[in-house]
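Have a look at the structure below before the remarks.
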Amino acid sequence: MRVRRATLGLVAVLALVGCGAEPGGPPTFGGDPADAGVDLADAVQKAQDMGLRECPEPSSATPDGPDALPAVALLCLQDGEPTSLAAIEGPAVVNLWASWCGPCREELPLLARLDEEIGAQVQVVGVDFADRAPEAALELAERSGVTYPQMFDPDQTLRGPLGVVGLPQTVFVDADGRVVATERTPYRSYDDLVAAVDRHLGVRP
């Protein structure tokens with residue numbers, strides 16, 4: 001049983017690393033950010049310098065149930081403070097990405113444009129996932145024009161609750177706070193991304 005569990009874990013990690021990891025070595029997985037060499041001080045300063053927006057505040061009206069976003073504790077890159085995925089109010093587009101993920105690099109400018117054109121109707125939130133280089137991630141986000149909120153999940157706490165098997169992954173949340181769709185393929189064009197938002201949330205720029 002131990003061998004089987006270890007094999008399944010290895011397959012999951014390989015699936016993540018295979019999603020466009022940069023040559024020279026994949027990131028380190030597992031561990032606690034406080035003792036794994038992840039220092040958020042520089043990242044938080046970078047986030048504030050680039051005008052990254054604050055993460056959503058938890059609300060007493062947070063939806064509950066099997067279709068709701070999981071109440072998983074994460075960190076907000078804008079201030080380094082704890083936040084929760086469940087604080088995100090729909091309609092929303094939640095994008096999981098990482099600095100080492102090649103397809104994510106192509107997709108980020110599309111999400112930045114979506115946020116600019118449709119942010120008043122649909123909240124866009126990023127989650128820097130399985131990443132030990134938050135400052136590098138923010139530099140990439142800045143080059144991509146991203147200013148929407150960014151949560152930080154270096155320990156893959158969302159892997160089970162959101163069924164993450166590779167990056168990027170995009171989760172669509174309706175106005176009632178229900179997860180109505182999850183797409184696990186990168187968007188290659190802005191039209192494809194807009195079509196997905198229209199298909200799942202009924203909103204267009």
Side-chain angles (χ1 to χ4, degrees), residues 12 15-16 19 52-79 81-98 101 103-104 107-131 137 141 146-205:
L16 284 167
C19 151
L52 200 70
R53 296 202 299 277
E54 296 180 358
C55 296
E57 292 286 341
S59 167
S60 59
T62 298
D64 196 8
D67 295 328
L69 286 169
V72 174
L74 303 174
L75 293 174
C76 179
L77 284 180
Q78 196 273 346
D79 55 16
E81 296 297 322
T83 186
S84 172
L85 199 72
I88 299 172
E89 296 182 358
V93 174
V94 183
N95 179 255
L96 283 75
W97 66 288
C101 169
C104 300
E107 194 177 67
L108 282 176
L110 307 181
L111 289 156
R113 180 180 171 186
L114 182 76
D115 175 58
E116 181 179 347
E117 296 188 0
I118 208 173
Q121 299 168 272
V122 176
Q123 184 173 199
V124 180
V125 178
V127 179
D128 185 20
F129 179 85
D131 203 338
V146 168
T147 58
Y148 54 83
Q150 295 291 330
M151 297 181 179
F152 186 47
D153 183 12
D155 301 318
Q156 308 177 68
T157 55
L158 291 176
R159 187 172 74 176
L162 290 185
V164 183
V165 295
L167 297 180
Q169 174 170 314
T170 305
V171 178
F172 297 85
V173 184
D174 71 7
D176 295 323
R178 297 179 301 115
V179 175
V180 292
T182 298
E183 296 202 354
R184 295 179 172 86
T185 56
Y187 299 105
R188 302 295 186 183
S189 73
Y190 185 64
D191 287 344
D192 288 343
L193 176 57
V194 167
V197 175
D198 185 25
R199 181 166 63 250
H200 301 308
L201 301 178
V203 179
R204 293 187 66 87

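- At least one donor-acceptor pair under 3.5 Å links the side chain of Asp174 to the backbone N or O of Asp176.
- Contact check for Phe172 versus Arg199: no side-chain heavy atoms found under the 4.5 Å cut-off.
- A pairwise comparison of heavy atoms in Pro70 and Leu85 identifies O-CB, 3.5 Å as the closest pair.
- Among Asp153, Thr182, Leu167, Val125, the single residue meeting the side-chain contact (heavy atoms from CB on, under 4.5 Å) criterion with Leu96 is Leu167.
- The two atoms that bring Ala130 and Gln156 nearest to each other are CB-CG, 3.7 Å, heavy atoms only.
- For the atom pair CD (Glu57) and OG1 (Thr83), the distance works out to 7.0 Å, reported to the nearest 0.5 Å.
- Summarising the local packing, CD of Glu117 is surrounded by more than 12 heavy atoms from other residues, nucleotides or ligands at distances under 6.0 Å.
- Here CG of Asp198 is found 5.0 Å from CZ of Arg204. Values are rounded to the nearest 0.5 Å.
- The minimum heavy-atom distance between Asp128 and Ala137, with the atom names listed, is OD2-CB, 3.3 Å.
- Contact between Pro205 and Tyr190 at its shortest, heavy atoms only, is CG-OH, 3.7 Å.
- In plain terms, the two heavy atoms of Glu107 and Pro186 that are nearest each other are OE2-CA, 3.2 Å.
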Chi angles and distances behind the side-chain contact (heavy atoms from CB on, under 4.5 Å) call for Leu74, Leu158: CA-CA 9 Å; Leu74 303 174; Leu158 291 176; 4.0 Å; yes
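- At a threshold of 4.5 Å between non-hydrogen side-chain atoms, the residues Pro149 and Cys76 do not count as touching.
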Evaluation steps, side-chain contact (heavy atoms from CB on, under 4.5 Å), between Val180 and Leu201: CA-CA 8 Å; Val180 292; Leu201 301 178; 4.1 Å; yes
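- Annotation: side chain of Tyr187 is in contact with side chain of Thr170 (closest heavy-atom distance under 4.5 Å).
- Val146 is not listed as a side-chain neighbour of Leu111, based on a closest heavy-atom distance of 4.5 Å or more.
- Side-chain contact between Met151 and Pro56 is present, with heavy atoms from C-beta onward closer than 4.5 Å.
- Annotation: side chain of Asp115 is in contact with side chain of Thr147 (closest heavy-atom distance under 4.5 Å).
- Checking each of Asn95, Val94, Ile88, Leu77 against Val127 for a side-chain contact (heavy atoms from CB on, under 4.5 Å) leaves exactly one that passes, namely Val94.
- Listed here is the closest heavy atom pair of Gln123 and Glu89: NE2-O, 3.0 Å.
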